[in-house]
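All values below were derived from every heavy atom in this structure, side-chain atoms included, with hydrogens, water molecules and symmetry-related copies excluded. Whatever order the structure lists ligands and atoms in, that order sets their numbers, starting from 1. Note that this is a predicted model, so its numbers are computed, not measured.
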Amino acid sequence: MLTLNFTKFPVLETERLILREHSFSDAETLYAMRTDERVMKYIDRERPADLLTIKTIITKFNEGFENGNNLAWIIVLKENPEQMIGTVGFWQTDYANHRAEIGYMLHPDFWRKGIITEALKKAIDFGFETMNLHTIKANINTGNEASRQILIKHGFVKEALFKQDYYFKGKFLDSEIYGLINPNH
Ligand SMILES: CC(C)(COP(=O)(O)OP(=O)(O)OC[C@H]1O[C@@H](n2cnc3c(N)ncnc32)[C@H](O)[C@@H]1OP(=O)(O)O)[C@@H](O)C(=O)NCCC(=O)NCCS
């Protein structure tokens, strides 16, 4: 059975990080990140127009947790737990096939310190051991070398390249799909 109906949001902890649920107090940093072209360069999604849009997204994530559609964590450093620095989470839960898509982003001030490596490992372990996912999928823009390397580092294997299957801002873009199979199944 795939488990996403937790009674309480699962807060996770790693050596340096706490992964917790989204809160309106994260809205400004989330807005700054989702309008920062360094962060969004390979994320082919509309940039939020304003803080209200971000608050709507936060509400959607929290509702998504309640109805089992997604499980999205805010990443904070233990040494500064009020300040979000990134996100990691599962989206598009596919119950029939025990599959979900993983996504992540980090504020550029914290890049290249192994933070997403640490957060992703925890999220993947949780996905396989507690949620009982059978496979985890990731979808990257073909130019996103950083994301590709992280996925490979965590054992993901390239499964597909969909040619021009995604329309964004006047262009048809390719999608590179990676997958990881639950090693305990
Ligand atoms: C991708 C991203 C999350 C990486 O986070 P990070 O915490 O800096 O990554 P880590 O420090 O854990 O790096 C792990 C490995 O990924 C690879 N990597 C990370 N950044 C890289 C870069 N800019 N170029 C090439 N490889 C990179 C390296 O192999 C690295 O290992 P190493 O430092 O031992 O060489 C971050 O760059 C980011 O937020 N990018 C913008 C958002 C985004 O594209 N998200 C993914 C959408 S699919």
Open item on the list: Suppose we screen for salt bridge (charged side-chain N to carboxylate O under 4.0 Å, His left out). Which residues come up paired with Lys121, at least two apart in sequence or across chains?
Closed with: Asp125

- [ ] Applying salt bridge (charged side-chain N to carboxylate O under 4.0 Å, His left out), name anything that partners Glu129, two or more places apart in sequence or on another chain.
- [x] none

Task: salt_bridge(Glu13, Lys78) N-O dist < 4.0 Å - done: yes

Task: Ion pair Asp26/Lys55, N-O distance below 4.0 Å - done: no

TODO: Among residues two or more places apart or on two chains, list those pairs meeting ring pair (Phe, Tyr, Trp, His ring centres under 6.0 Å) that have a residue in residues 10-39.
DONE: His22-Phe61

Task: Step-by-step side chain to side chain contact (heavy atoms under 4.5 Å, CB included) determination, Thr117 to His154 - done: CA-CA 8 Å; Thr117 296; His154 283 85; 3.9 Å; yes

Task: Under 4.0 Å from ligand 1, counting heavy atoms only: the protein residues, by chain and number - done: Val39, Ile43, Tyr104, Met105, Leu106, Trp111, Arg112, Lys113, Gly114, Ile115, Ile116, Thr117, Asn139, Ile140, Asn144, Ala146, Ser147, Gln149, Ile150, Lys153

